[in-house]
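For reference, the structure discussed in these notes is given below.
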Amino acid sequence: MIKQDIYLYNSLTEKKEIFRPLNAPHVDIYVCGPTVYDYVHLGNMRPVVVFDTLRRFLESQNYSVKFVSNYTDVDDKIINRAISEQTDTKTISDRFIAIFEANLHAVNALVPTVTPRATAYVPKMIEFIGELVDKGFAYVKDGNVYFRVTKIKDYGKLANVNVSELIVGARIEENINKENPIDFILWKKSDDILNWNSPWSKGRPGWHTECVVMINEVFKKPKIDIHGGGFDLKFPHHENEIAQAEAHSDSLLANYWLHNGFVNLNDEKMAKSTGNIITAQDFLEEHDGNILRLILLSTHYRAPLNLKEDVINLAKTEILKIQRALISANLIVDFNQLVPQESPLFSKFINFLSDDLNTPNALSVIYEGVKELNIAVRNNDIDETSMLAFTIIKMLRILGLEKIVRVITDEDHKLYQEYNLARANKDFAKSDKIRDELIKRGLM
RNA sequence: GCUUCCAUAGCCAAGUGGUAAGGCCAUUGACUGCAACUCAAUUACCGUCGGUUCGAAUCCGGCUGGAAGCUCCA
C-alpha cells in the first residue's frame, strides 16, 4: 500500500512532478557510478548519499526499489594508471572499487541491488552500436563509430543546450573524422592494453554508450523510472544517453532525471584538476561516516554545498545532540521494547521528504522530536518517551543515520543508577567519580 | 562569447505571493551539591535599484557579486 504522493524535481521538464512509477510498487533507479581509476573525493559521495536516501525513503513508503549503480572500468585514466603501475586495468579497477565500497559502507549506504561493470557488457555494447549503425544513427569512420546527433530532432532537451550554439561555442575539439563537431564517439579504435574486437576495429566503447547499454541489460527494459547523477553529467553524458536511447528504442531512457548539486571546498569547486579536493577515504579516516552523511543531507540535494571546518563541527554537534537525547531516553526506557507508535511528527517528516526529498526540513523535524524527547524524559513520561524514541529512530533510519544511536548496556544502566543513588545520599565524592566514568563512556 | 543557476541573521540552512522554519554560536533565566546536559526567553524586514500587486524574500527588469555547463568530471 503506497502511502502518499511524492514529488520529484525532473531535470527534463525543469519542474517538480508527482512521482508515478511505471510499474508501482516497483521502482527502477539507476545512478551513474564512479570511474574507478583513483580514490573518489567528497563530491562523489553526494550522489551516493542522496540517492541512497531516496531509495530508503521510497522503501519506507512501501515501494520495492531496484537500485543500480555502475562502475566505469573502461576509461583512458584507468589504462594510463595501469600502464604507469605496470599492471593490468582490472587490478586498478578492483582496487578502487574495493576502496569505494568501503566508503559506501562508512556512510551507511545500502548495497545497490546490482553494480554492473562496463567491462562485463562490452559484447552487448558492440551489438547496440551495430544496431545504431544499421538504423543510420551512427556512422563508421576509420574504425571509429560516431553518433549522428543531427538525427535527433530535439537534441539538447535535457541540458537545454542549443546545437547551433554549441558549434559556435567552439570549445569542441576539431575532429575531421566527424561529420559534425557535436557528434560523439560510440566506439573508439585503439590498441591500448584494454580492447575488444568489433566489426569496425579493435578498440573500446565510448563512455556514453556504457550506461545506456547497462541500463537496458540490467533492467531488461528500455525505460526506467529514475536516472540520477551529478549536475555535471547532464551534459553531455546524460544528454547523449537520451539521444542513444531515442535512436535505439525510441525511449527517453528514464521518466525522471534527477541531478544533485556540487560540493565546494572552502568556497571553491572541488576538482582534481585544481587539487582542491578531500578524498572520501581521507575524510572518513578522520571523521565518522555519519558526520559526512549528515552534512550531505543538511543541504537540499539540488543546491550547492560548501564544505568547511565550521560545517564539519556543526554536524558533530548536531549528532551529539541527537545521541544525548536518545541516551537519556534509553536510561529510562528499554529500546528493545518500544511501543511501535508514531508521534504526529512522523507524518510531518514524511511530508517534507515527499516534497522533492527535502532532507533539511526533514532533519528539522528530528530536532523538534529531540526537544520533545528531552522534555518527556525530564518529566519522566515513559509513554511519551517511548513513542518519541521510536519515532526518532524510525526517522533516522529513513535518512540512513540510524547508526548514530548508541547502545546502552546493562552495565551502563547500573552505573547510572549508582550515580543517582550516590547523589540522593549526598555522597558527592562517589557521584563525581561515577560521573567521570559516565562522561568517559559518552553517556553524559 | 553562448546557456543555466545562486545571493536569507556571526555560521549552517528551509521557505518561492499574505507580513521570515530548524540547528549551531551568543546573552539572560530555570534546574543542579557544583557542573555538564536539558528547558525557557531574546537575536534577520531576506545583495542592490526599480516595476507589477491590496500585499513580495517569494513574480518581472536593471545592477553588483558568486558558481556551473559548453572538454574528462558526482
Side-chain angles (χ1 to χ4, degrees), chain A residues 11 14 16 31-35 37 40-51 69 72 75-77 156 159-173 182 184 207 228-237 239 259-264 267-273 280 294-318 320-325 327-328 348 352 355 358-368 370-379 422-423 426-429 431-432 435 438-439 443-444:
Chain A
S11 296
E14 297 181 304
K16 277 185 200 173
V31 179
C32 288
T35 300
Y37 71 104
V40 299
H41 63 238
L42 292 179
N44 298 273
M45 296 306 284
R46 195 166 186 191
V48 167
V49 169
V50 164
F51 293 106
S69 185
T72 298
D75 185 89
D76 286 350
K77 289 170 183 159
N160 204 15
V161 298
N162 180 308
V163 173
S164 58
E165 281 167 355
L166 271 180
I167 297 167
V168 175
R171 281 176 69 180
I172 293 170
E173 201 177 314
I182 58 168
F184 56 90
W207 178 43
F231 259 113
D232 52 340
L233 294 182
K234 235 170 146 179
F235 194 91
H237 186 53
E239 193 70 58
H259 294 97
N260 62 272
F262 270 55
V263 176
N264 293 330
D267 296 309
E268 282 176 38
K269 183 188 175 182
M270 193 175 290
K272 284 198 170 132
S273 52
L294 180 63
I295 289 170
L296 294 174
L297 294 178
S298 292
T299 299
H300 185 82
Y301 79 90
R302 285 191 283 119
L305 189 157
N306 186 38
L307 191 73
K308 54 182 182 177
E309 198 62 35
D310 287 355
V311 171
I312 298 170
N313 291 330
L314 182 59
K316 283 183 189 167
T317 305
E318 288 173 329
L320 257 179
K321 183 188 176 77
I322 299 168
Q323 283 179 326
R324 273 199 292 254
I327 287 168
S328 63
K348 199 171 164 184
F352 280 134
D355 180 18
N358 195 326
T359 53
N361 275 340
L363 283 165
S364 79
V365 177
I366 290 184
Y367 299 130
E368 236 179 287
V370 164
K371 180 175 284 191
E372 289 184 13
L373 181 63
N374 283 324
I375 293 170
V377 170
R378 192 167 59 174
N379 294 338
R423 286 179 66 213
K426 298 202 189 299
D427 184 351
F428 298 126
S431 73
D432 283 355
R435 182 209 277 169
L438 287 169
I439 290 171
L443 299 176
M444 275 192 91

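Here is how names work: the chains are called A, B, and so on, in the same order as the sequence lines, proteins then strands, and each is numbered from 1. Just so it is clear, the model here is predicted, and its values are computed rather than measured.
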> NA contact type, A:Asn374, heavy-atom cut-off 4.0 Å: base, sugar-phosphate, or nothing?
Replying inline: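 Result for A:Asn374 = sugar-phosphate.
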> For A:Ser328, which contact category applies under a 4.0 Å heavy-atom criterion: base, sugar-phosphate, or nothing?
Replying inline: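 It contacts nothing in the nucleic acid.
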Using purine N1 to pyrimidine N3 plus N6-O4 or O6-N4 for Watson-Crick, or N1-O2 and O6-N3 for G-U wobble, both under 3.5 Å, which nucleotide pairs with [N]?
N	value
B:A44	none
B:C5	B:G66
B:G29	B:C39
B:C59	B:G51

Roughly how far apart, to the nearest Å, are [N] and [M] at atom [atom1]?
N	M	atom1	answer
B:C5	B:A9	C1'	24 Å
B:U28	B:A20	C1'	24 Å
B:G50	B:A56	P	14 Å
B:U19	B:G69	C1'	38 Å

How long is the line joining [atom1] of [X] and [atom2] of [N], in whole Å?
X	N	atom1	atom2	result
A:Leu363	B:C24	CG	C1'	14 Å
A:Leu296	B:C12	CG	C1'	14 Å
A:Phe231	B:U3	CZ	C1'	14 Å

>> Judged by each residue's nearest nucleotide on RNA chain B, which is more toward the 5′ side, A:Phe428 or A:Asp355?
In response: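 Of the two residues, A:Asp355 wins.
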> For RNA chain B, whose closest nucleotide is more 5', that of A:Arg423 or that of A:Gly43?
Replying inline: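 That would be A:Arg423.
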Just compare [options] and give me whichever is closest to any side-chain atom of [X].
X	options	value
A:Ala303	B:A14, B:C12, B:A35	B:A14
A:Leu314	B:G33, B:C24, B:G69	B:C24
A:Lys371	B:A40, B:A14, B:A74	B:A40

